[in-house]
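First comes the structure, then the notes that go with it.
All values reported here derive from a predicted model rather than from experimental measurement. Excluded from the calculations below are hydrogen atoms, water molecules and symmetry mates; all remaining heavy atoms, backbone and side chain alike, are included. The residues of the chain are indexed from 1 along the displayed sequence.
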Amino acid sequence: QVQLVESGGGLVQPGGSLRLSCAASGSIFRINWMGWYRQAPGKQRELVALITSGGTINYADSVKGRFTISRDNARNTVYLQMNSLKPEDTAVYYCYADSAPYWGQGTQVTVSS
């Protein structure tokens, strides 16, 4: 089993920034891909960004150039730096790890003036 604990969500004005963190524990040797999905009210869960242990990255087109994913393998932690936030980025953000897959509990990000 793998446990994922997220932190860093909140309320921010349009154009602002937030940084999400997700720490993994448990059977982490099973993990290659880690990253983030999000789900807005009334919409399906969608990919935001993923990163492998070797540093291969995949971004959704909607966040390219604004969001940056990174990973600290020594700390088993993945980060999502979100800049130039827009109201349409408002969603619950879920940490993800592959092999099962595994999901975090979710953290709310609200972009509003």
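- Of the listed residues (C22, S21, S70), just one forms a side-chain contact (heavy atoms from CB on, under 4.5 Å) with V78, and that residue is C22.
- Between the side chain of R66 and the backbone N or O of S84, at least one donor-acceptor pair lies under 3.5 Å.
- A donor-acceptor distance shorter than 3.5 angstrom exists from the side chain of E6 to the backbone of C95, with no hydrogens or angles considered.
- Taking 4.5 Å as the limit, some side-chain heavy atom of W33 sits within range of a side-chain heavy atom of T56.
- Ring pair Y94/W103 is perpendicular by interplanar angle, where above 60° counts as perpendicular and below 30° as parallel.
- Residues Y96 and L4 approach most closely at C-CD1, 4.0 Å, considering heavy atoms.
- Ionic pairing of D61 and K64 is present here: one or more N-O contacts between side-chain nitrogen and carboxylate oxygen are shorter than 4.0 angstrom.
- What you find for I31 and A24 is that their closest heavy atoms are CD1-CB, 4.2 Å.
- The residue from V63, T107, T90, L80 that alone fulfils the side-chain contact (heavy atoms from CB on, under 4.5 Å) condition with R38 is V63.
- By the 4.0 Å N-to-carboxylate-O rule, R30 lies too far from D98 to be salt-bridged with it.
- Of the candidates N83, D89, L11, V12, V12 is the only one forming a side-chain contact (heavy atoms from CB on, under 4.5 Å) with L18.
- No donor-acceptor contact under 3.5 angstrom links the side chains of N73 and S53, judged on distance only.
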